[in-house]
2 protein chains.
Amino acid sequence: MITKNKLNRKQQIIEKATQLFQKQGYAATSMRDLASFIGIEAASLYSHIKSKEEILQIICFQLAEDFFNSLQSIELEHGGADEKLQKAVVSHVEVLTKDPAASAVFFSEWRHLSEPYLTDFLEMRDQYEGRFIQILIDGNESGIFKTLDAKFTVLALLSSINWMPAWYKPGGKLSPKDIAGNVTDVFINGLRVR
Amino acid sequence: MITKNKLNRKQQIIEKATQLFQKQGYAATSMRDLASFIGIEAASLYSHIKSKEEILQIICFQLAEDFFNSLQSIELEHGGADEKLQKAVVSHVEVLTKDPAASAVFFSEWRHLSEPYLTDFLEMRDQYEGRFIQILIDGNESGIFKTLDAKFTVLALLSSINWMPAWYKPGGKLSPKDIAGNVTDVFINGLRVR
DNA sequence: ATATTTGCCTAACAATCGTTAGTTTGGTAC
DNA sequence: GTACCAAACTAACGATTGTTAGGCAAATAT
């Protein structure tokens, strides 16, 4: 195939960039850093990508799509709000742990996106959080969850999970399901009216 | 006083830098950005500070000291683990909300510290987390808290709080005590054996 | 009144930044 | 064998980076 090597190289660039962006940050990582990490010259990168920011865009929006899709099936189900929240968190953690480095970049480097990408990104994030908020509101109206500030609680819940990529190592003693289970156990049993 | 104006200017530099570091990140903020934000030339900054990194060091270690001190009185008290955890979280949130911008920088820009400051910083952070972990362990041994992965839980707890500086605006509808109360309510009531 | 210090300035430095241009190389298609 | 093409290279660009040197004016100390 003609374009296969090129696609692979581009994918490799993105993966290596993800590692460096996580370790050093986007702004502190130069194209020369990235190139020498791969083993080529900086100028050669531009045979595969349009700009430094394009790399960040690909990392951020690919993951955004993954997060979005992970909720799709859950919202169609007919379970209680506690079940839905549980499943939503599991899905979220699964996306997180599938590529922890990309997740770390996603959560801490998005602000270096330029317009209009930045606005798009923030809209998607708000929508995503909104779907979690709706689960809490539904749970409250059906008497399962306490009355509380749903947005605040969702931010606290997601924040406690989203910090994970900073320390998660694949193959550790806690599997993605364990992590999601622990977190939702703490949160749901603290939220549920008893 | 001789040094008063100089100290004030230095303090102003640090405060303005804190704002820019929060908005743009440390690496993406140039000394010329900072200078023009203050209203002077970039070179003039060096009459007051030794280097760009010194600013970051001051921000990070000042806050680290605040966090450390905030726990001191609590650990000497004779309350139960649930009370201690509650108070520790309140203290933590109070430090956070006293200067949200500095807190945001503290949590996301520390990696740009150079050695030996970086190692010192991480050691302090580990010690601080360790004191929270100890509270959970004590609570478990005294039968108040479930058996769980204490380190994991503390990281989840602190992470859910530490994200706050990103969105907290002084004078909002939630006071520091409200925030700490909400978080600990969710966490403690989810943790306590019933 | 004079001497000293402070805080800013302009100018410039060496290094590094992202990126472009033009060229070479090695493999594939006709 | 020839034409083509992707992917690398070298070299360089203009801009920007953190920082230093040296000077100047105003405030302060003597």
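FYI, side chains are in, hydrogens and waters are out, and symmetry mates aren't considered; it's all heavy atoms of this structure. Every chain is numbered from 1, with letters handed out A, B, ... down the list of sequences.
Counting to the nearest Å, the P atom of D:dT20 and the CD1 atom of B:Ile49 are 10 Å from each other. Rounded to whole Å, atom P of C:dT10 lies 17 Å from atom OH of B:Tyr46. Put simply, CD1 on B:Ile40 is 17 Å from P on C:dT6, counting in whole angstrom units. Between the CD atom of B:Glu53 and the C1' atom of D:dT19 there is a distance of 14 Å, given to the nearest Å. Rounded to a whole Å, the NZ atom of A:Lys50 is 12 Å from the P atom of C:dT20. Distance A:His112 NE2 to C:dG18 P: 12 Å, rounded to the nearest Å. For the pair A:Leu34 CG and C:dC17 C1', the interatomic distance rounds to 14 Å; values are reported in whole Å. Note: NZ (A:Lys52) to P (C:dT20) measures 15 Å, nearest angstrom.
Checked by atom type and distance alone, the side chain of B:Arg125 never pairs as donor or acceptor with a backbone atom of B:Ala64 at under 3.5 Å. With B:Gln57 contributing its side chain and B:Tyr117 its backbone, the two residues share no donor-acceptor pair below 3.5 Å. Checked by atom type and distance alone, the side chain of B:Glu115 pairs as donor or acceptor with a backbone atom of B:Thr119 at under 3.5 Å.
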Please list, pair by pair, any protein nitrogen or oxygen found under 3.5 Å from a nitrogen or oxygen in nucleotides 23-25 of chain C.
none

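Residues B:Gln24 and B:Ala28 come closest through the heavy atom pair O-CB, 3.3 Å.
Seen from the ring of A:Phe67, A:Arg131 does not count as a face-on cation partner, given the 6.0 Å and 45° thresholds.
Note on A:Ser44: a side-chain N or O is less than 4.0 Å away from OP1 or OP2 of D:dC9. The shortest distance between the side-chain N/O atoms of A:Arg9 and the OP1/OP2 oxygens of D:dA8 is below 4.0 Å.
Of the residues in residues 24-32 of chain B, those lying under 4.0 Å from DNA chain D by heavy-atom distance are B:Thr29, B:Ser30, B:Met31, B:Arg32.
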Go through it in stages, so that I can follow the logic: the residues are A:Gln12 and A:Asn8, the test is side chain to side chain donor-acceptor pair (under 3.5 Å), and I'd like the CA-CA distance, side-chain angles, deciding distance and then a yes or no. CA-CA 6 Å; A:Gln12 186 196 16; A:Asn8 284 347; over 6 Å; no
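By the 4.0 Å N-to-carboxylate-O rule, A:Lys146 lies close enough to B:Asp185 to be salt-bridged with it.
Here the nucleotide nearest the side chain of B:Ala43, chosen from C:dA11, C:dC8, D:dA7, is C:dA11. Taking the side chain of B:His48 as heavy atoms from C-beta on, and the options D:dA7, C:dG7, D:dT10, the nearest nucleotide is C:dG7. With D:dA21, D:dC9, C:dG18 as the candidates, the nucleotide lying closest to the side chain of A:Glu41 is D:dC9.
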Distance-only criterion, 3.5 Å: show the donor-acceptor pairs between side-chain atoms of residues 89-108 of chain A and protein atoms not counting sequence neighbours.
| from | atom 1 | to | atom 2 | distance (Å) |
| --- | --- | --- | --- | --- |
| A:Ser91 | OG | A:Lys87 | O | 3.1 |
| A:His92 | ND1 | A:Tyr128 | OH | 2.7 |
| A:His92 | NE2 | A:Asn162 | OD1 | 2.7 |
| A:Glu94 | OE2 | A:Lys177 | NZ | 3.0 |
| A:Thr97 | OG1 | A:Val93 | O | 2.9 |
| A:Thr97 | OG1 | A:Glu94 | O | 3.3 |
| A:Asp99 | OD1 | A:Ala102 | N | 3.2 |
| A:Ser103 | OG | A:Leu96 | O | 3.2 |
| A:Ser103 | OG | A:Asp99 | O | 3.0 |
| A:Ser108 | OG | A:Ala104 | O | 2.9 |

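Side-chain atoms of B:Gln86 and B:Asp82 include no donor-acceptor pair closer than 3.5 Å.
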